[in-house]
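Single-structure report; data block below.
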Protein chains: 2
Amino acid sequence: MENFITQCKKYNLRITPQRTAVYKALMEDKTHPTADAVYQNVKKDCPNISLDTVNRTLISFSEFGIIDTVMCSGQGKKYDPNSKPHHHLKCVKCGKISDFYHQKYDSLKVPSEVEEEFTVLNKKVVLTVVCKKCNKKG
Amino acid sequence: MENFITQCKKYNLRITPQRTAVYKALMEDKTHPTADAVYQNVKKDCPNISLDTVNRTLISFSEFGIIDTVMCSGQGKKYDPNSKPHHHLKCVKCGKISDFYHQKYDSLKVPSEVEEEFTVLNKKVVLTVVCKKCNKKG
DNA sequence: TGACAAATAGGAGTTAATCCTATATAGTAT
DNA sequence: ATACTATATAGGATTAACTCCTATTTGTCA
Ligand SMILES: [Mn+2]
Ligand SMILES: [Mn+2]
Ligand SMILES: [Zn+2]
Ligand SMILES: [Zn+2]
């Protein structure tokens with residue numbers, strides 16, 4: 001919790017009851033929750049919180065790297081027709097996903113425990129980033 | 001294109017003009033398109049195709065590993081409050097994302113070209129898979 | 001304690017994605 | 001070739017995720 005206060009001060013985020021409740025709910029969450037799932041949890045502590053506030057809070061936390069995004073902001077699912085071995089940069093602000101090529105990453109071995117249990121269709125390294133353009137903006 | 005026919009036969013997908021057109025459009029696409037973007041491209045060849053068909057086709061292609069998904073099926077963006085170094089298994093059928101821990105992956109170095117241009121908030125290896133449950137179903 | 005920018009609730013609006021159903025068609029057997 | 005049947009399709013309806021809007025409240029700092 002001290003960590004929360006430190007982070008908020010660092011990024012000039014006001015310490016509101018809503019933000020605190022969202023942070024707490026996240027710290028207890030071992031899943032990969034959707035905004036709505038977080039909303040449902042937070043409501044226990046903070047019954048009047050709005051879904052919009054939860055969404056805004058999650059977005060700002062992710063933009064500062066306090067939490068990671070699994071699927072990023074933006075409109076619609078995205079598909080990847082590029083079948084060459086490659087890796088991804090995913091901008092947490094604008095949602096853009098760019099390819100990069102890096103041989104050292106191509107040769108990663110899938111752990112055998114995983115291969116025994118799952119059919120692996122694709123593997124890549126995904127870096128969550130803030131891109132140059134978005135860095136300039138704010 | 002022979003590849004397309006091979007894949008379709010392998011998975012018992014009928015070779016329809018719509019499916020062919022979607023495949024062609026994907027092979028020419030160097031971006032990470034949304035279903036709607038694919039739809040707009042395919043319409044040039046195939047003006048009467050419906051968005052629903054494009055969506056279904058993309059989902060089936062991704063389920064067979066013909067293309068990869070960047071953001072997966074399912075409802076809503078997902079956030080990740082787990083701040084320990086870990087990696088992801090993303091089931092392309094049910095959309096579930098599970099954590100796995102694998103030390104060899106934790107120590108990946110970010111290429112310096114990337115670090116110079118981007119602020120890196122997080123890095124992980126993401127494996128697109130079909131999970132055990134979904135494998136059984138079909 | 002007062003001033004002000006930041007944050008919030010709640011509802012409206014906007015898209016993406018899925019579902020539904022009647023029609024069409026690809027593949028296969030005759 | 002022809003007929004048959006499961007598969008696939010178009011197009012519209014519905015659902016649900018997300019964002020935007022505006023009046024009101026609240027945290028922070030002087
Ligand atoms: Mn890619
Ligand atoms: Mn995770
Ligand atoms: Zn960006
Ligand atoms: Zn699954």
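Chain letters run A, B, ... following the sequence lines, proteins first, then strands; residues in each count from 1. Small disclaimer: the values here were computed from a predicted structure and weren't measured.
In this structure, the side chain of B/Lys90 engages the main chain of B/Thr69 through a donor-acceptor pair within 3.5 Å. With A/His32 contributing its side chain and B/Lys78 its backbone, the two residues share no donor-acceptor pair below 3.5 Å.
Nucleic acid contact for A/Ile59: sugar-phosphate only, since backbone atoms but no base atoms lie under 4.0 Å from a heavy atom of the residue. Residue A/Arg19 is classed as a sugar-phosphate contact, given heavy-atom separations below 4.0 Å to backbone atoms only. Across all strands, A/Ile49 comes closer than 4.0 Å only to sugar-phosphate atoms, never to a base (heavy-atom distances).
In this structure, B/Asn12 atom CG and D/dA8 atom P are separated by 9 Å, rounded to whole Å. Whole-Å rounding puts the A/Tyr79 OH to C/dA17 C1' distance at 9 Å. A/Met71 has its CE atom 14 Å from the P atom of C/dA16, to the nearest Å. Distance CD (A/Gln75) to P (D/dT19): 9 Å, rounded to an integer number of Å. A/Leu51 places its CG atom 14 Å from the P atom of D/dA16, with the value rounded to the nearest Å.
Side-chain contact between A/Phe100 and A/Leu127: present, with at least one pair of heavy atoms (C-beta onward) separated by less than 4.5 Å. With contacts defined as side-chain heavy-atom distances shorter than 4.5 Å, the pair B/Met1/B/Ile5 does not qualify. By the 4.5 Å heavy-atom criterion applied to side chains, B/Phe4 and B/Phe61 are counted as neighbours.
Applying the side chain to side chain donor-acceptor pair (under 3.5 Å) criterion to A/Asp45, with sequence neighbours excluded, gives no partner residue.
Side chains of B/Asp99 and B/His88: a donor-acceptor N/O pair is present below 3.5 angstrom, by distance only.
Put simply, A/Arg56 has no side-chain N or O that comes within less than 4.0 Å of OP1 or OP2 on C/dA7. Phosphate proximity of C/dG10 to A/Ser50: absent, as no side-chain N or O sits under 4.0 Å from OP1 or OP2.
Grouping the Ile, Leu, Val, Met, Phe, Trp and Tyr side chains by contacts below 4.5 angstrom, directly or via other members, places B/Val114 with B/Tyr105. Using a 4.5 Å cut-off between side-chain heavy atoms of Ile, Leu, Val, Met, Phe, Trp and Tyr, with links allowed through other members, B/Tyr39 and B/Met27 fall into the same hydrophobic cluster.
Between B/Lys77 and B/Asp52, the residue anchored closer to the 5' end of DNA chain D is B/Asp52, taking for each the nucleotide with the nearest heavy atom. Comparing A/Asn55 and B/Thr57 by the nucleotide of DNA chain D whose heavy atom lies nearest to each, the residue mapping closer to the 5' end is B/Thr57.
The listed nucleotides are D/dG11, C/dA17, C/dT8; the one nearest the side chain of A/Gln18 is C/dT8.
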Would you give a per-nucleotide map of nucleotides 22-30 of chain D, 5' to 3', where B means the base has a protein non-hydrogen atom under 4.0 Å away, S means only the sugar-phosphate does, and - means neither?
-> ----BBS--
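Interface residues of residues 23-42 of chain A facing DNA chain D, ordered by number: none; criterion, heavy-atom separation under 4.0 Å.
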